[in-house]
Amino acid sequence: MSGGKGYQERKGSWKGSGKRGHDGQGGKEMSRNAQKRFRKDSHKQKRRPNTYPLIKGLLAWWEKLRSKKTSEKERLELVGMILKKSEGRLAELASLHSASRVVQSCLKFGNEEHKQQVISELKPKLLDLAQNQYGHFLVKKILAYSKEELSYMLNTFRGQIVALLRHPCGSSVVDDLYHMSNARQKEQMASEFYGPEVALLANLATDELKLSSLLERASSAQKAAILTHIFMKLSPILDKGLVDAHVVHFVIRELLQFAAPGAIQEAAQNLAGPHLLHLVHTKEGSEAAANVICASDAKSRKKIVKALKGHVLKCAVEDCGHIVLLSLLGVVDDTVLVDKIVVKELVPGLEELCLSKFGKRILLRLLAPERTKYIPKNVLEVLTPSEKVVKASNLKLPSLDDSDDEELELVEEDEDAKEQTVCKKPLETKCRELLFGSSKLALELIDVCTEKAKALMCSPHGSEVLTELVLVCENGISGKKIPEDKVTGFFDSLTAAVAYEEGDSVLQDFYATRMLAQIVHASHSDGKKVFAKKLWKDVAKDKKRAWKDTHAEKILRAFGKYPKSYK
């Protein structure tokens with residue numbers, strides 16, 4: 001088909017764009033890439049007839065400015081030329097894609113005078129730039145290169161913090177501001193969530209603005225107004241999923257700590273799922289996430305478990321992330337789902353977990369759920385839900401049929417409400433099901449510890465895991481036993497590591513000898529002394545004299561406390 005007249009005209013005009021004289025190349029036809037560049041330049045020229053010629057010239061200088069071959073002296077000259085050419089138009093350029101990078105490079109490569117020129121010209125437009133797709137990068141650069149502007153920015157953004165947190169770009173800027181601020185400035189930023197009642201309760205310039213102290217001074221009506229205001233301000237942020245900012249984590253934690261059970265339950269429902277992953281990397285966020293897990297119902301907890309898929313091992317070795325996993329393991333009753341997603345991802349990284357300060361706590365929680373000595377008090381406090389959170393997890397919102405308010409009050413004051421818990425299964429039962437589930441965590445852990453016995457014995461963290469694993473091998477957990485051949489191989493590897501004296505001996509290590517002494521003591525109180533007897537018979541009995549005045553002497557003292565058991 002030859003096509004109609006209109007098609008031929010369009011075809012001819014398309015060909016004509018690459019003919020002689022059109023591109024000034026002496027009759028040569030344009031290549032396809034040259035045609036694309038020409039059309040793109042023409043489009044930009046039409047869109048911004050006053051700005052595009054300036055940007056095109058600045059980009060040519062910028063390419064030379066960012067080159068590694070350019071000397072420092074040439075860079076300063078180029079920065080001066082760029083600023084002179086764009087004087088009075090920096091704010092406009094900062095909000096455009098290519099031009100924003102040019103202005104950022106002026107801050108990066110310019111001297112102090114150049115930086116001050118850029119900052120002074122952009123100051124009146126900082127609030128608008130903070131909400132611009134490209135301009136917010138420049139605001140963050142100003143903070144990075146000139147920390148003296150922090151106070152000015154805080155004053156400029158005062159009263160707009162919540163509005164900025166509802167904006168994806170503004171939220172990123174506020175997060176940088178929060179991290180660079182001192183404790184007092186952080187309180188002032190968070191207080192913008194508390195509503196106008198704050199001005200009646202405290203002097204915003206001098207008094208403490210912590211929510212706990214404000215609520216102590218507030219009347220019951222003022223308390224309700226403050227908490228309602230926090231919830232109203234947080235709701236659109238949670239709905240948009242903009243929960244990356246640290247200040248948002250702080251305010252969420254405050255809300256979950258002081259709000260009524262109904263508000264806690266609603267906040268938990270909004271956060272249950274992928275949004276929770278944004279909270280687990282900060283102290284306040286991990287505490288809030290633990291409360292969300294406890295306050296959620298069974299359906300929401302399943303969402304949280306599924307959202308963690310692919311992130312479990314990373315969370316397990318993090319300072320804050322492991323707290324969320326501990327809460328999840330202790331609260332979620334659906335151990336089949338937890339085993340399928342969480343435990344399955346832990347198995348390939350068992351060696352890393354054993355040697356990690358935080359990862360070991362996950363394994364120790366499963367191996368010895370009744371022992372709290374391995375978990376710090378502050379973490380235990382986070383894992384223990386408050387009375388309000390427990391009520392929120394058991395709260396059933398009234399249906400349309402519940403018209404009698406008095407009946408609702410009677411149900412709330414029922415004696416059974418005092419015995420409410422956030423889960424049904426005992427912790428020990430869950431740990432047994434997770435250790436011996438389809439992922440075979442206990443058996444895989446024994447294989448790793450058998451293979452890496454010496455390294456784990458000499459580790460401050462791995463030695464604790466070995467101690468509890470020996471006791472589980474001897475006693476089992478909740479009636480579940482480990483196969484005899486696995487236990488024998490594991491114990492043989494430990495005694496072989498102790499007996500091997502060449503090079504860096506295990507008996508010269510503080511943590512290894514402490515571990516062996518602890519096992520001897522624990523076996524007499526909690527275990528069946530299988531490994532302790534094997535250690536005495538195979539190694540310690542013949543090495544008594546050699547071990548004196550060394551780290552290994554503590555093992556002999558442990559054996560000496562129970563002389564009748566080792567004759």
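When all heavy atoms of Ile304 and Gly273 are compared, the pair lying nearest together is CG1-N, 3.7 Å. The two atoms that bring Cys294 and Val389 nearest to each other are CB-CG1, 3.6 Å, heavy atoms only. When all heavy atoms of Leu471 and Ala522 are compared, the pair lying nearest together is CD1-CB, 3.8 Å. Between Lys481 and Asn475, the shortest heavy-atom contact is NZ-O, 3.2 Å. Nearest heavy atoms, Val448 versus Leu456: O-CD1, 4.5 Å. Heavy atoms only, all atoms of each residue included: Ile375 and Arg365 are closest at CD1-NH1, 3.5 Å.
One distance of note links CG of Leu535 with NZ of Lys533; it measures 13.5 Å at 0.5 Å rounding. If you take CG on Leu214 and CD on Glu187, they are separated by 9.0 Å, rounding to the nearest 0.5 Å. Taking CD1 from Ile482 and CD from Glu474, the interatomic distance works out to 11.0 Å, rounded to the nearest 0.5 Å. Here NZ of Lys548 is found 11.0 Å from OG1 of Thr550. Values are rounded to the nearest 0.5 Å. Between the CG atom of Leu313 and the CG atom of Leu308 there is a distance of 12.0 Å, given to the nearest 0.5 Å. Between the NE2 atom in His521 and the OG atom in Ser523 there is a gap of 10.5 Å [rounded to 0.5 Å].
In this structure the side chain of Phe193 never reaches within 4.5 angstrom of the side chain of His229, judged on heavy atoms. Proximity of Phe358 to His461: side-chain heavy atoms (C-beta onward) are nowhere separated by under 4.5 Å. Annotation: side chain of Ile230 is not in contact with side chain of Glu254 (no heavy-atom distance under 4.5 Å). Annotation: side chain of Leu507 is in contact with side chain of Ile555 (closest heavy-atom distance under 4.5 Å). Looking at Asn270 and His275, their side chains never come closer than 4.5 Å, going by heavy atoms from C-beta outward. Using a 4.5 Å heavy-atom cutoff, the side chains of Asn291 and Ile264 are not in contact. Looking at Met457 and Ser463, their side chains never come closer than 4.5 Å, going by heavy atoms from C-beta outward. For the pair Pro376 and Arg361, the minimum side-chain heavy-atom distance is below 4.5 Å.
Between the side chains of Glu284 and His246, a donor-acceptor pair is found at a separation under 3.5 Å. Inspection of the Asp485 and Thr488 side chains reveals no N or O donor paired with an N or O acceptor under 3.5 Å.
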Q: Report the C-alpha distance between Arg301 and Asp334 in whole Å, list the side-chain angles of each, state the deciding distance to 0.1 Å, and finish with yes or no for salt bridge (charged side-chain N to carboxylate O under 4.0 Å, His left out).
A: CA-CA 9 Å; Arg301 288 172 187 166; Asp334 189 353; over 6 Å; no

Q: Carefully, step by step, assess Asp244 and His278 under the rule side chain to side chain donor-acceptor pair (under 3.5 Å).
A: CA-CA 5 Å; Asp244 287 305; His278 298 272; 2.5 Å; yes

Q: Go through Asp447 and Lys486 one step at a time and tell me if the salt bridge (charged side-chain N to carboxylate O under 4.0 Å, His left out) criterion holds.
A: CA-CA 8 Å; Asp447 289 342; Lys486 291 278 186 183; 2.7 Å; yes

Q: Test side-chain contact (heavy atoms from CB on, under 4.5 Å) on Leu165 and Asp175 and set out the steps.
A: CA-CA 9 Å; Leu165 288 169; Asp175 196 34; over 6 Å; no

Q) Does the pair Leu234 and Val248 meet the rule for a side-chain contact (heavy atoms from CB on, under 4.5 Å), with working shown? A) CA-CA 8 Å; Leu234 266 180; Val248 175; 4.2 Å; yes

Q. Step by step, would you call Leu209 with Gln188 a side-chain contact (heavy atoms from CB on, under 4.5 Å)?
A. CA-CA 7 Å; Leu209 297 177; Gln188 290 176 334; 3.8 Å; yes

Q | Derivation and outcome, side-chain contact (heavy atoms from CB on, under 4.5 Å), residues Cys458 and Tyr511 | A | CA-CA 5 Å; Cys458 297; Tyr511 297 108; 5.9 Å; no

Q: For side chain to side chain donor-acceptor pair (under 3.5 Å), just list the numbers for His551 and Gln508, CA-CA rounded to whole Å, side-chain angles, deciding distance to a tenth of an Å, and then say yes or no.
A: CA-CA 6 Å; His551 281 300; Gln508 297 172 3; over 6 Å; no

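One finds a salt bridge joining Glu287 and Arg253 here, because a Lys/Arg side-chain nitrogen approaches an Asp/Glu carboxylate oxygen to under 4.0 Å. A salt bridge does not link Arg514 with Asp509: none of the charged nitrogens is closer than 4.0 Å to a carboxylate oxygen. The residues Glu433 and Lys425 are annotated as salt-bridged, a charged nitrogen and a carboxylate oxygen being separated by less than 4.0 angstrom. Residues Arg371 and Glu468 are paired through a salt bridge, judged by an N-O separation under 4.0 Å between the basic side chain and the carboxylate.
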Let me have the donor-acceptor pairs involving side chains of residues 434-446, under 3.5 Å, with sequence neighbours excluded, atom names and distances please.
unit_1	atom_1	unit_2	atom_2	d
Ser438	OG	Asp339	OD2	2.4
Ser439	OG	Asp339	O	3.1
Ser439	OG	Asp339	OD1	3.3

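Proximity of a side-chain donor or acceptor of Lys430 to a complementary backbone N or O of Gly330 within less than 3.5 Å is detected. A donor-acceptor pair under 3.5 Å links the side-chain atoms of Thr513 to the main chain of Phe510, judged by distance alone. In this structure, the side chain of Ser286 engages the main chain of Lys283 through a donor-acceptor pair within 3.5 Å. Under a 3.5 Å cut-off, the side chain of His249 and the backbone N or O of Val243 do form a donor-acceptor pair. Thr228 contributes a side-chain N or O that, together with a main-chain N or O of Ala224, makes up a donor-acceptor pair within less than 3.5 Å. Under a 3.5 Å cut-off, the side chain of His167 and the backbone N or O of Leu164 do not form any donor-acceptor pair. Judged by distance alone, the side chain of Ser235 and the main-chain N or O of Phe231 form a donor-acceptor pair under 3.5 Å.
For NZ of Lys534, the number of neighbouring non-hydrogen atoms (other residues, nucleotides, ligands) closer than 6.0 Å is greater than 12. Residue Glu387 qualifies as open at atom CD: its count of foreign heavy atoms under 6.0 Å is 12 or below. Around the NZ atom of Lys554, the shell of radius 6.0 Å holds more than 12 heavy atoms that belong to other residues, nucleotides or ligands.
Residues satisfying the side chain to side chain contact (heavy atoms under 4.5 Å, CB included) test with Lys140, not counting sequence neighbours, are His136, Ser172, Val173, Asp176.
Only one option out of Phe491, Trp536, Phe490 pairs with Phe531 in a ring-ring contact (aromatic ring centres under 6.0 Å, His included); it is Phe491. When the options Leu494, Leu466, Val470 are evaluated for a side-chain contact (heavy atoms from CB on, under 4.5 Å) with Cys449, the one that passes is Leu466.
For the pair Lys186 and Tyr178, the cation sits on the ring face: its NZ or CZ lies under 6.0 Å from the ring centre, inside 45° of the axis.
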